[in-house]
There are 2 protein chains.
Amino acid sequence: MQLTMTGEYALRAMIYICSFPGDNVFQISDIAIKNEIPDNFLRKIIPLLCKSGLLNSTRGAQGGIKLLIPAKDITPLMIIESVEGEISLNKCMIANEFCSNENWCSVHVLWAETQKKIKEMLSSKTMDVLAHDNTERFNAFHLQKETNKQLRKKNKE
Amino acid sequence: MQLTMTGEYALRAMIYICSFPGDNVFQISDIAIKNEIPDNFLRKIIPLLCKSGLLNSTRGAQGGIKLLIPAKDITPLMIIESVEGEISLNKCMIANEFCSNENWCSVHVLWAETQKKIKEMLSSKTMDVLAHDNTERFNAFHLQKETNKQLRKKNKE
DNA sequence: TTGTAATATGACAAAATTACTCTCAATTGG
DNA sequence: CCAATTGAGAGTAATTTTGTCATATTACAA
C-alpha cells in the first residue's frame, strides 16, 4: 500500500524542476545529484515523464530536459500515474482485471469510492504551488536552524 | 500502491464471518474453502485478527474462531491494519522511518492529508452493514440471472 | 488418560516485484 | 567528426509477497 521509489523519485525530480522558471533546461545527472536519486535509475524514469507529455527532452550537446507544460497545470497525481500507471487500491479495481464478485461485492464499492477520493486529493494541489511552498519552507527551516545556532553561541559567551 | 493478498483474504474472511450471527463458530478450513483462500495461508492470517482483538480462537475439538466484538464495531480499516500494519502511502509517512525532509517537504503534507482521508473512508462503513449489503446484492444478482435465464427459455418456446 | 480435533508457530521456499546497473544506440551542436 | 547528452533493452541483486510444511499446543470426550 505504498508509493514505489519510482514514484518518489519522479515527484522529487518534478518538484525540483518546477522550482525554477519554466524554460530552464536540466541535465538528468544534475537532477540526480541534487535530489539524491541514483543516476542510472532516474534515466529510466525521466523518459516516462516525457512520454506522458509533462517533460520534453532533447539529446546531444546542450541537450537536456525541460517542462513541456506549465507547473500550474501539473498535479502530483499526473506525475505518479505517468510513472506507476493508474493508481488502484486493489487488483479488483484494475480495468480488465477480472473479478468475479464485481457485480455484487460491497467492498468493491468502498474501494472505488476511496480510490476516487485519493485521486481527488492528489489532484487538489498543483506543482507550482507545491514547489513554491517547498522552497519557502526549506528556507524558513534552515534560517531557523541558523538563528538557533547563533542564539546558543551567544548564550555561551 | 495496492492491498496485498493478506489484506484481501482477511477482508473476505471477515465479511463471511460477519454474515452470520455473532456467536457462530467457524473452522478455518471451512472459511478457506467457501472464500477461495489457500487454507495454509489463511492459518497465518487468522491469528493476526485474533491478536488485534477482532476474533477469538479456541483450539481443540469443537474449537474454532468467532467474533470477539460485534460486527457493527468493526471497520474495514481495522481489519486491514490488523494484518498489514498501519496504512502508509509513502515510506516517509511511517513513524520512526527517518525522512530528512519531513520538516519542510510540501509533498509530505499532502501525503499526510491523503492518508488521513483514506483512513476516514475505510472507517466510514462497518462490517455489519457491508456483510448485509453483500448478501443482499449477491442474492439479487443471482436472482436476476435466474430470471433472465427463464425469460430466454420462454422466448424460445 | 488417551485419542482426536482443532488452532499456533516458526522455518523454509518459490514466485513476483522492485530497484537498480550496464552497454550500446541515437541524436545534436560545434 | 567529436563530444555531450538522452533512449532503450537486457540483465541482476535485493526485497517482498505468497505461500508450504512440519511440529507444537490445546481442548474435549470417551
Side-chain angles (χ1 to χ4, degrees), chain A residues 1-13 17 24-33 35-68 80 82-85 87-91 94 97, chain B residues 1-13 17 24-33 35-68 80 82-85 87-91 94 97:
Chain A
M1 205 74 143
Q2 271 191 0
L3 198 71
T4 62
M5 291 315 287
T6 303
E8 166 74 19
Y9 291 153
L11 270 174
R12 273 194 221 170
I17 292 171
N24 261 43
V25 174
F26 304 85
Q27 264 93 64
I28 294 181
S29 299
D30 175 58
I31 300 175
I33 292 169
N35 295 279
E36 301 180 88
I37 304 172
D39 191 296
N40 282 325
F41 197 20
L42 188 57
R43 279 169 199 287
K44 305 303 293 283
I45 298 171
I46 295 287
L48 299 172
L49 295 166
C50 294
K51 272 170 196 148
S52 73
L54 303 183
L55 296 179
N56 168 267
S57 72
T58 47
R59 297 173 170 190
Q62 323 312 327
I65 59 175
K66 63 174 180 179
L67 279 179
L68 188 56
I80 294 169
S82 292
V83 299
E84 305 213 332
I87 280 185
S88 92
L89 287 181
N90 197 334
K91 290 203 181 76
I94 303 174
E97 186 91 2
Chain B
M1 203 77 144
Q2 271 190 3
L3 198 71
T4 62
M5 292 316 287
T6 302
E8 166 73 19
Y9 291 153
L11 270 174
R12 274 194 222 171
I17 293 170
N24 261 44
V25 174
F26 303 85
Q27 263 95 64
I28 295 181
S29 298
D30 174 59
I31 300 175
I33 291 170
N35 295 280
E36 301 181 86
I37 304 171
D39 191 296
N40 282 324
F41 196 20
L42 187 57
R43 280 171 198 285
K44 305 302 291 284
I45 298 171
I46 295 288
L48 300 173
L49 294 166
C50 293
K51 271 170 197 148
S52 73
L54 303 184
L55 296 179
N56 168 267
S57 72
T58 47
R59 297 174 170 188
Q62 325 309 329
I65 59 176
K66 63 176 180 177
L67 279 178
L68 189 56
I80 293 169
S82 292
V83 299
E84 305 213 331
I87 280 185
S88 92
L89 287 180
N90 196 333
K91 289 204 180 74
I94 304 173
E97 185 91 2

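Chain identifiers are assigned alphabetically (A, B, ...) following the order of the sequence lines, protein sequences preceding nucleic acid strands; residue numbering begins at 1 within each chain.
- Atom pair A/M5:CE and D/dA14:C1' shows a separation of 14 Å (rounding to whole Å applied).
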Distances under 3.5 Å between nitrogen or oxygen atoms of protein and nucleotides 20-23 of chain D:
none

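- The CG atom of B/L49 sits 13 Å away from the P atom of C/dT9 (whole-angstrom rounding).
- Residue A/E84 contributes atom CD, which lies 12 Å from atom C1' of C/dA19 at whole-angstrom precision.
- The closest donor-acceptor contact from the side chain of B/D30 to the backbone of B/F26 lies at 3.5 Å or more, if one exists at all.
- With contacts defined as side-chain heavy-atom distances shorter than 4.5 Å, the pair B/P38/B/N40 does not qualify.
- Between B/I80 and B/L11 there is a side-chain heavy-atom pair separated by less than 4.5 Å.
- Applying the side-chain hydrogen bond (donor to acceptor under 3.5 Å, both in side chains) criterion to A/E84, with sequence neighbours excluded, gives A/T4.
- In this structure, the side-chain hydrogen bond (donor to acceptor under 3.5 Å, both in side chains) partners of A/S88, at least two apart in sequence or on a different chain, are B/Q2.
- The shortest side-chain heavy-atom distance between B/L67 and B/N56 does not fall under the 4.5 Å cut-off.
- Across the protein-nucleic acid pair, B/L55 atom CG and C/dA8 atom C1' stand 14 Å apart, rounded to whole Å.
- Within the helix from C/dT1-D/dA30 to C/dG30-D/dC1, the inter-axis angle between the opening and closing five-pair segments is 10°, rounded to 10°.
- Using a 4.5 Å cut-off on side-chain heavy atoms (C-beta onward), A/K66 and A/N24 make no contact.
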Pairs under 3.5 Å (N/O, protein and nucleotides 3-7 of chain D):
from, atom 1, to, atom 2, distance (Å)
D/dA4, N3, A/A61, N, 3.3
D/dT5, O4', A/G60, O, 3.4
D/dT5, O2, A/G60, N, 3.0
D/dT6, OP1, A/I28, N, 2.9
D/dT6, OP2, A/R43, NH1, 3.3
D/dT6, O3', A/S57, OG, 3.3
D/dT6, O2, A/R59, NE, 3.4
D/dG7, OP1, A/S57, OG, 2.6
D/dG7, O4', A/R59, NE, 3.3
D/dG7, O4', A/R59, NH2, 2.3

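- Within the 4.5 Å cutoff, side-chain heavy atoms of A/I46 are placed close to those of A/L55.
- A/R59 pairs by the salt bridge (Lys or Arg N to Asp or Glu O under 4.0 Å) definition with nothing, not counting sequence neighbours.
- Rounded to whole Å, the distance from CG on B/L42 to P on C/dT7 is 10 Å.
- When rounded to the nearest whole Å, the span between CG of B/L48 and C1' of D/dT17 equals 14 Å.
- Judged by distance alone, with hydrogens and angles left aside, the side-chain atoms of B/R12 form a donor-acceptor pair with the main-chain N or O of B/E36 at under 3.5 Å.
- When the side-chain nitrogen and oxygen atoms of A/Y9 are compared with OP1 and OP2 of C/dA19, none of them lie within a distance under 4.0 Å.
- Under a 3.5 Å cut-off, the side chain of B/Q27 and the backbone N or O of B/G63 do form a donor-acceptor pair.
- Between the CD atom of A/E36 and the C1' atom of C/dA19 there is a distance of 17 Å, rounded to whole Å.
- Atom pair A/M1:CE and D/dT16:P shows a separation of 18 Å (rounding to whole Å applied).
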